[in-house]
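In what follows, every heavy atom counts, from backbone to side chain, and hydrogens, waters and symmetry copies are set aside. Chain letters run A, B, ... following the sequence lines, proteins first and then strands; every chain starts at 1.
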Amino acid sequence: MTEIQVLSNSRRRTGSTFLRKHQLIIAPVAFITPAFAMFSLFVIYPIIQSIGLSFVEWQGIGPQTWVGLDNYRELLGDPVFWKALTNNVYWLVLFLLAPVLGLFIALFLNQNVFGIRLVKSLFFFPFVVSQIVVGLVFAWFYDPAFGLLATMLEPLGVKFPAILSNENWATFGIILAGLWPQTAYCMILYLTGLNSVNPEVIEAARLDGAKGWRLLVNIVLPQLRAATFIAVVVTIIGALRSFDLVAIMTGGGPYNSSNVLAYYMYDNAIFRYRMGYASAIATILFLIMDLYIAWFLMRLLKNEKGSR
Amino acid sequence: MFPRPIQERSRSRQLMYKVALPISLIIWLLPMIAIVATAGRSLSDLNRGNYWGMPSEWAFIENFAKVFGSSSIGTYLLNSVIITLPSIAGALFLSTLAGAGLALYKFRGRFLILALFIAGNFVPFQILMIPVRQLTLDLGVYDTYWGVILFQIAFQTGFCTFFMRNFIAELPFELVEAARAEGVGEWQILVHIIVPLVRPALAALAVLQFTFIWNDFFWPLILIQSDELRPITLGLTVLKGQYISSFNLLAAGSLIAALPPVMMFFAMQKHFIAGLTLGASKG
């Protein structure tokens, strides 16, 4: 309280009467404007511009020609687009293993034994490593000539396939690499969630004879709803955003077999100078992701509105 | 506690757990172990085809010296620092202001603004790519540090504002009311009451943002062209081309690139996890 009194003594020195009278209106505007201006300029407005660009043909310089829905029509007949979209579905479905695996690792590590805090951190730290590094390591693992997997299988007489240069396997090889840090992230969410599970409810359920799997599904998981929700949303968005690993591991190849929408968009814009076509791909990806963003926001704001 | 504490289990179960723990850890960290081991592998081992077996000698010092001597990795590291630190400072500054603005005042549309900040953070980068590149060209900051820094500040402000707003909304509002009753100005309230209380949130955001921005690959890829401005993530792709068969050197470079965020994480673990798991323990 003393600090507040000191502050109030200094009030006469600051601002005019008008400003002081209206400061409950002026302050929020002044506080929010800089952030909102930057965010609008670099995020919100570019989204609108990109959607606009998806209706034109443009090489990045020179004039833009209005082509209406032509870019979208072309996409419908573009096999690479469909391949990339299919791969995004693979990413999305297989990435959902991350929350599941993360939950089981969290349950495995949720014990009080010597050194467990360090073990938890070590399990988490793939998430802190750059995806570029993750991509490089997994590419070494997969290398058919001198990779770890090939070397390990060699004595068994098994020939390890060249995963990343195989049209059928490349995408799955990349997804596996992506699952590694994503699982670490989900694990930490669940560890935090498990921390705040009500022990009395668990004990009561145990007294009623619930244990193991049934205890987990009926009593514990409902209490982990918040963690599950965040883990699933962030994982889905991560799957749809996948770019770095594809760029470093295969560049979308061989023959676009491991392409995803995010990379195909980049490819069209940077290497083929097809800004309009690239924007149409980005717009489609954006629309797909909007579903999940909207879902996330609705849950979040429902909780928020209850509070102040 | 769930699962049941291992101490309440039989001796053999406890023993099994204690054996399973380090084994699972080693399997889980195999990729990292591989980087570290390869970074210390000597050229003679590689020439002999000994990629994954026991190394006959350790060559960490030589390999690191060679990477620093024969590539621009020093420059790349410095560039990462030059890009990351101002981006964090800018995002924290803007989001503390905006977070306070959204948490302390009731006005129509505040939820809409908050929703825009959150939603913007989840959009695919590709929907921003072409216009943002054009914008940096128009502002004359394409292919400079500033292009990436400005973008990072703007983009990360979305998540940071969300975070700060939530943190400030949890603070006891009576403090602000009491100050207002005393006639303290809003700016003074922010500087002298709110900012000292949000220090833990700022610490959490700073470490999180450090890893996000340090590890970011896409924006420097789009906004930077000159080799001498590349941050370490882009630098690694250069090294990948340069050390096409010198795996030990590429591994040493990867290790160097991964180290700063890893050290940051281990030093500030509590803050880091508090930031990342925001909302995970709420009902």
Side-chain angles (χ1 to χ4, degrees), chain A residues 4 7-8 11 14 23 27-28 31-32 34-35 38-39 42-44 46-47 49-50 53 107 111-112 119 121-123 125 128-130 132-133 136-137 146 148 151 188-189 192-193 196-197 199 202 220 226-227 230 237 241 243-244 262 265 269 275 279 282 285-286 289 293 297 301 307-308, chain B residues 1-3 5-6 21 25 28 31 34-35 51-52 94-95 97-98 100-101 105 107 111 115 118-120 122-124 126-128 130-132 151 154-155 157-158 161 169 178-179 182-186 188 192 211 215 217-218 233 236 254 257-258 261-262 265 269 273 277 279-282:
Chain A
I4 289 168
L7 288 175
S8 71
R11 87 188 123 130
T14 55
Q23 51 178 331
F31 289 172
I32 296 168
M38 278 291 274
F39 201 70
F42 280 92
V43 181
I44 298 173
I47 294 176
Q49 283 179 299
S50 274
L53 279 176
L107 291 171
Q111 292 288 353
N112 248 324
V119 175
S121 323
L122 287 172
F123 261 91
F125 104 96
V128 189
V129 176
S130 145
I132 300 302
V133 175
L136 287 175
V137 189
F146 43 73
L148 178 67
T151 312
I188 207 79
L189 288 171
T192 311
S196 57
V197 163
I202 306 280
V220 180
I230 298 181
I237 289 177
R241 262 189 176 176
F243 176 90
D244 295 9
M265 180 276 168
M275 301 301 167
S279 297
L285 183 60
F286 175 69
M289 277 173 86
I293 297 172
L297 274 180
L301 290 181
S307 67
R308 188 171 70 228
Chain B
M1 197 165 150
F2 187 87
I6 197 81
L21 208 54
L25 186 60
W28 183 248
I35 294 186
Y51 292 106
W52 303 102
L94 290 183
S95 62
L97 280 173
Y105 307 93
F107 56 91
F111 283 112
I118 303 169
F122 285 132
V123 300
Q126 285 70 24
I127 195 90
L128 312 177
I130 296 169
V132 166
F151 178 81
F155 186 78
T157 290
T161 299
E182 292 283 331
V184 182
E186 297 300 313
Q188 301 286 333
H192 294 283
T211 52
N215 287 337
F217 171 69
F218 188 75
T233 42
L236 276 182
S254 305
V262 168
F265 164 65
Q269 224 184 101
I273 290 174
T277 56
S281 59
K282 274 192 199 156

Part of A:I44 lying under 4.5 Å from any heavy atom of chain B: side chain

For A:I237, which atoms come within 4.5 Å of any heavy atom of chain B: side chain, backbone, both, or neither? side chain

A:I132 CD1 to B:F217 CZ distance, which is reported to the nearest 0.5 Å: 4.0 Å

Go through it in stages, so that I can follow the logic: the residues are A:M38 and B:L94, the test is side-chain contact (heavy atoms from CB on, under 4.5 Å), and I'd like the CA-CA distance, side-chain angles, deciding distance and then a yes or no. CA-CA 9 Å; A:M38 278 291 274; B:L94 290 183; 3.9 Å; yes

Which answer fits A:L136, side chain, backbone, both or neither, if we ask what part of it has an atom under 4.5 Å from a heavy atom of chain B? side chain

Side chain, backbone, both or neither: which part of B:F122 has an atom under 4.5 Å from a heavy atom of chain A? both

Below 4.5 Å from any heavy atom of chain B, which atoms of A:I188 appear? Answer side chain, backbone, both or neither. both

Most contact-rich option vs chain A, by heavy-atom pairs under 4.5 angstrom, among B:T211, B:T161, B:I118, is B:I118

In terms of heavy-atom pairs under 4.5 Å, which option from B:A119, B:A100, B:S95, B:A258 contacts chain A the most? B:A119

Check: A:F125 ring centroid to B:F265 ring centroid under 6.0 Å: no

B:G101 versus A:P28, closest heavy-atom pair with distance: O-CB, 4.1 Å

Give a yes or no on whether the backbone of A:A27 and the side-chain of B:E186 come within a donor-acceptor separation of less than 3.5 Å. no

Hey, which of B:V132, B:T233, B:L236, B:L21 has the most heavy atom pairs under 4.5 Å with chain A? B:L21

Let me know if B:I273 has heavy atoms under 4.5 Å from chain A in its side chain, its backbone, both or neither. side chain

Evaluate the ring planes of B:F218 and A:F243, with Trp represented by its six-membered ring, and classify them as parallel (under 30°), tilted (30 to 60°) or perpendicular (over 60°). perpendicular

Engaged part of B:Y105 at the chain A interface, taking heavy atoms whose separation is under 4.5 Å: side chain

Side chain from CB out, backbone as N, CA, C, O: work out which of these in A:M275 comes under 4.5 Å of a heavy atom of chain B, or both, or neither. both

At a heavy-atom separation under 4.5 Å, does A:L122 approach chain B through its side chain, its backbone, both, or neither? both

Which portion of A:I202 sits near chain B, non-hydrogen atoms under 4.5 angstrom: side chain

Any chance you could lay out the side-chain contact (heavy atoms from CB on, under 4.5 Å) test for B:L128 and A:F42, step after step, and finish with the verdict? CA-CA 8 Å; B:L128 312 177; A:F42 280 92; over 6 Å; no

Check each atom of A:T151 against the heavy atoms of chain B and say whether the ones under 4.5 Å are side chain, backbone, both or neither. side chain

Shortest non-hydrogen contact between B:V184 and A:Q23, atoms and distance: O-NE2, 4.4 Å

Kindly compute the distance separating CG (B:L97) from CD1 (A:I32), expressed to the nearest 0.5 Å. 10.0 Å

So what's closer than 4.5 Å to chain B heavy atoms on A:V137: side chain, backbone, both or neither? side chain

When every non-hydrogen atom of A:A282 is compared with those of B:Q126, the smallest separation belongs to CB-O, 3.6 Å

Chain A interface, residue from B:L25, B:I130, B:I127 that has the most non-hydrogen pairs under 4.5 Å: B:I127

Residue A:V220 versus chain B: region with a heavy atom under 4.5 Å: side chain

On the 0 to 90° scale, with breaks at 30° and 60°, tag the B:W28-A:F123 ring pair as parallel, tilted or perpendicular. parallel

Whether the side chain of A:Q111 engages the backbone of B:I6 through a donor-acceptor N/O pair (distance < 3.5 Å, no angle test) should be reported. yes

Which atoms of B:Y51 come close to chain A, meaning under 4.5 Å heavy atom to heavy atom: side chain ones, backbone ones, both, or neither? side chain

So which atom in A:T192 and which in B:T277 form the shortest heavy-atom distance, rounded to 0.1 Å? OG1-CG2, 3.1 Å

